[in-house]
Amino acid sequence: MNKKVRVRFAPSPTGGLHLGGVRTVLYNYLFAKKQGGDFVLRIEDTDQSRYVPGAEQYIYDCLEWCGLVPDESPKHGGPFAPYRQSERKEIYRSYAEQLVSKGYAYYAFDTPEELEQMRNVYKTEANPSPQYDHSLRMKMRNSLSLPAEEVKKLLDENVRHVVRIKMPENEPVSFVDMIRGEVNFDTNIVDDKVLLKADGMPTYHLAVVIDDYLMKITHAFRGEEWLPSAPVHILLWKYFGWENDMPQWAHLPLILGPQGKLSKRDAAKYGFPIFAMNWTDPQSGELTEGFKERGFLPQAFINFLALLGWNDGSEQEIFSLEELIEKFSIERVHSGGAKFDYEKAKWFNHQWIKRFEAGRLKFEVKKTLAQKRIDISDEQKLEKVIALVKDRCTLLTDFYDQGWFFFKTPGEIDAEAVKPKWNEAKKRFFESLKEELQATSQWESAFIEDGFKKLAMIQGIKPGELQLPLRIMLVGGKFGPPVFDIAELLGKEETLRRIENGLAIFG
RNA sequence: GGCCCGUUCGUCUAAGGGCUAGGACACCACCCUUUCACGGUGGUGAUACGGGUUCGAAUCCCGUACGGGCUACCA
């Protein structure tokens, strides 16, 4: 009997979607799709104090850009709605109470101040962060330590309280991680985690177990930072009596920055993006640039993320999403963290730009140019420009630097590159070139080059010495594709105009 | 401090007991190119350390070191 594969991702709408998050989605998605299963997106807004308006929509936007569209989500709907945890409050409460009545959890009435005090009192050098656990719980104010009638009174009076799991003493917990193999813990080292907060919202620990169960999740992938709390989740599955339905776990390695874990500071310090798309914090107004806006193609973004911690064992590096789905295997995911290398990320983008036909890039390039106030009316010309310059573009934004002069007459001209070697003979050459081009009816790169070289020979000047001045006249500087290709694309009229301009400047 | 996870060129990684440890990014040189790139050829460069097990260890085991994560009414 094969259960249909269902994997889930549970982002919290607290800000930008970073590389680690996208990669987790990607691996979830690849794993599910490979087996014809479902990719479920659940919104983890269990902490309303951290909820950022707009962040949920932003997550959908990022996933859509990446091409990783969920089968079920608050936005897309599905058979297990609602998928937003704030809309499932009642469910969590009743399950938490079930746990209390079974004796696996208890009510705790300690105030934040009392918890703070506990931590200060029991803090020692050997134990810098004392935990609310089996050794201390009887010294705190909860339904285990307090007389039953007092507990009842407190509950009747609606005194603020939480539900905590009662972690057993000295009980080994082990599970098999799909990436790491068997992982063992001792329950002594984990504290009595809060399951239901005083505001009635669940913590991640409770929500993840209940929702994975109710939504029939078969595989749960998440970041390595969750490994230490895995025993809490394993125990909850057991306490609810759902052990046979527990998903298989995979804890993905972290993505690291140049010095330790990848952070927004790294992004600022080293000048590379860490979010999929631009994220503006609605509170501070602070903008963090995304890969999309930096000029990445989603195919390249997905490609390099997939390879950051996984490979198919061959030497292939360029994969489409379809190929990734076909070749992905969780067994080949690394257990060690991977440092993010922006240079390599750019290389992937370059590869994708090169492999795409000009027509396929047209839409994106047009947008990029529009941002630099170059509006395209002639789409055919744009396509030709793209075909001509794309091999030298790493980011989509490079199309501006490589191609703006096809659409705009250069204002500033790098005259210094020409003037020192400028003379009467060269002036005469360009004047006669102008006349010859004027007269020609054939306007094609090879033909122009041929005429140019013949004329140079007649006048006794090396063509090489004349190419740079021509280039400067046409584009304004020492850059761009082969100069006669530029002339062809520019058209006869514009080429002649720019040669005239150049002659006026060089004298 | 405690617990957990990890460790192959600078970076991402291949090699799951057996050739001179392979590839990619980056870097360097040469070629191509009378611009800048692309491209081509070649080069520098790694099994953290110490013990075992074995005819044989990057690979299995133990210890050490280093790195990372967790240790919240955050996820």
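When reading the values below, keep in mind they use all heavy atoms of this one structure, side chains included, and skip hydrogens, waters and symmetry mates. Chain naming here is simple, since letters A, B, ... match the order of the sequence lines and numbering starts at 1 in each. Please read these numbers as outputs of a predicted model, since none were measured by experiment.
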- Message: Need to verify one output field. Residue with the more 5' nearest nucleotide on RNA chain B, A:Gln131 or A:Pro482?
- Response: A:Pro482
- Item | Residues within residues 225-238 of chain A bordering RNA chain B, heavy-atom distance below 4.0 Å | A:Glu225, A:Trp226, A:Leu227, A:Pro228
- Query: Does A:Lys344 make a cation-pi contact with A:Trp347 (under 6.0 Å, within 45 degrees of the axis)?
  - Reply: yes
- Message: For a quick check of understanding: with a heavy-atom distance under 4.0 Å over all strands, which category does A:Gly309 fall into, base, sugar-phosphate or nothing?
- Response: sugar-phosphate
- Identified side-chain hydrogen bond (donor to acceptor under 3.5 Å, both in side chains) partner of A:His251 from the options A:Arg222, A:Glu224, A:Glu225: A:Arg222
- Starting from P on B:U35, measure out to CD1 on A:Ile413 and report it in whole angstrom. 19 Å
- Query: Hey, what do you get for CZ (A:Phe109) to CG (A:Leu155), rounding to the nearest 0.5 Å?
  - Reply: 4.0 Å
- Message: Taking the P atom in each of B:G43 and B:G2, what is the distance between them to the nearest angstrom?
- Response: 49 Å
- Message: Whether A:Asn311 contacts B:A14 is assessed here as follows: a side-chain N or O lying under 4.0 Å from the phosphate OP1 or OP2. Is that the case?
- Response: yes
- Item | Within-4.5 Å side-chain heavy-atom neighbours: A:Lys346 and A:Phe272 | no
- Task: Could you check whether A:Ser129 gets within reach of a base, just the sugar-phosphate, or nothing at all, counting any heavy atom under 4.0 Å?
- Result: base
- Task: If B:A29 has a Watson-Crick or G-U wobble mate with both distances under 3.5 Å, name it; if not, just say none.
- Result: B:U41
Check nucleotides 37-44 of chain B against the protein and report each pair of N or O atoms closer than 3.5 Å, with its distance, or say if there are none.
residue	atom	partner	partner atom	Å
B:A37	N3	A:Arg392	NH2	3.2
B:C38	O3'	A:Lys354	NZ	3.3
B:G39	OP1	A:Lys354	NZ	2.9

- Message: Taking any heavy-atom pair under 4.0 Å as a contact, classify A:Ala338: base, sugar-phosphate, or nothing.
- Response: sugar-phosphate
- Query: Would you say B:G6 has OP1 or OP2 under 4.0 Å from some side-chain N or O of A:Lys339?
  - Reply: no
- Query: CZ of A:Phe185 versus C1' of B:G2: gap in Å, rounded?
  - Reply: 13 Å
- Across the strands shown, which category fits A:Asn188 at heavy-atom distances under 4.0 angstrom: base, sugar-phosphate, nothing? nothing
- Query: Taking OP1 and OP2 of B:C74, is either one under 4.0 Å from a side-chain nitrogen or oxygen of A:His205?
  - Reply: no
- Message: So A:Val183, base contact, sugar-phosphate only, or nothing? Heavy-atom distance under 4.0 Å.
- Response: sugar-phosphate
- Query: Is A:Gly336 touching bases, backbone alone, or none of the nucleic acid, heavy atoms closer than 4.0 Å?
  - Reply: sugar-phosphate
- Query: So what does A:Pro253 hit on the nucleic acid, given a heavy-atom distance under 4.0 Å: a base, only sugar-phosphate, or nothing?
  - Reply: nothing
- Integer angstrom distance from the C1' of B:A14 to that of B:U47: 12 Å
- Task: Could you tell me whether A:Arg8 and A:Asp212 make a salt bridge, using a distance below 4.0 angstrom between a side-chain N and a carboxylate O?
- Result: yes
- Message: For the C1' atoms, the ones on B:G68 and on B:C32, what distance do you get once it is rounded to whole angstrom?
- Response: 46 Å
- Whole-angstrom distance between B:A48 and B:U54, as gauged at atom P: 23 Å
- Sugar-phosphate only, base, or nothing, as touched by A:His334 at under 4.0 Å among non-hydrogen atoms: sugar-phosphate
- Query: What is the distance from atom CG of A:Leu19 to atom CG of A:Leu308, rounded to the nearest 0.5 Å?
  - Reply: 7.5 Å
- Message: For the P atoms, the ones on B:U33 and on B:A15, what distance do you get once it is rounded to whole angstrom?
- Response: 41 Å
- So what does A:Val194 touch, heavy atoms closer than 4.0 Å: a base, only the sugar-phosphate, or nothing? sugar-phosphate
- Is any side-chain N or O of A:Arg164 closer than 4.0 Å to OP1 or OP2 of B:C73? yes
- Interatomic distance at P, B:G63 relative to B:C9, whole Å: 23 Å
- Item | Donor-acceptor pair (no angle test) under 3.5 Å: A:Lys193 side chain, B:A72 base | no
- Item | Salt bridge flag under 4.0 Å for residues A:Glu116 and A:Arg119 | no
- Message: Considering every strand and a 4.0 Å limit on heavy-atom distances, what is the contact class for A:Arg222: base, sugar-phosphate, or nothing?
- Response: nothing
- Message: How close do A:Ser143 and A:Tyr106 get, counting heavy atoms only, and between which atoms?
- Response: OG-CB, 3.2 Å
- Presence of A:Thr46 side-chain N/O under 4.0 Å of B:A75 phosphate oxygens OP1/OP2: yes
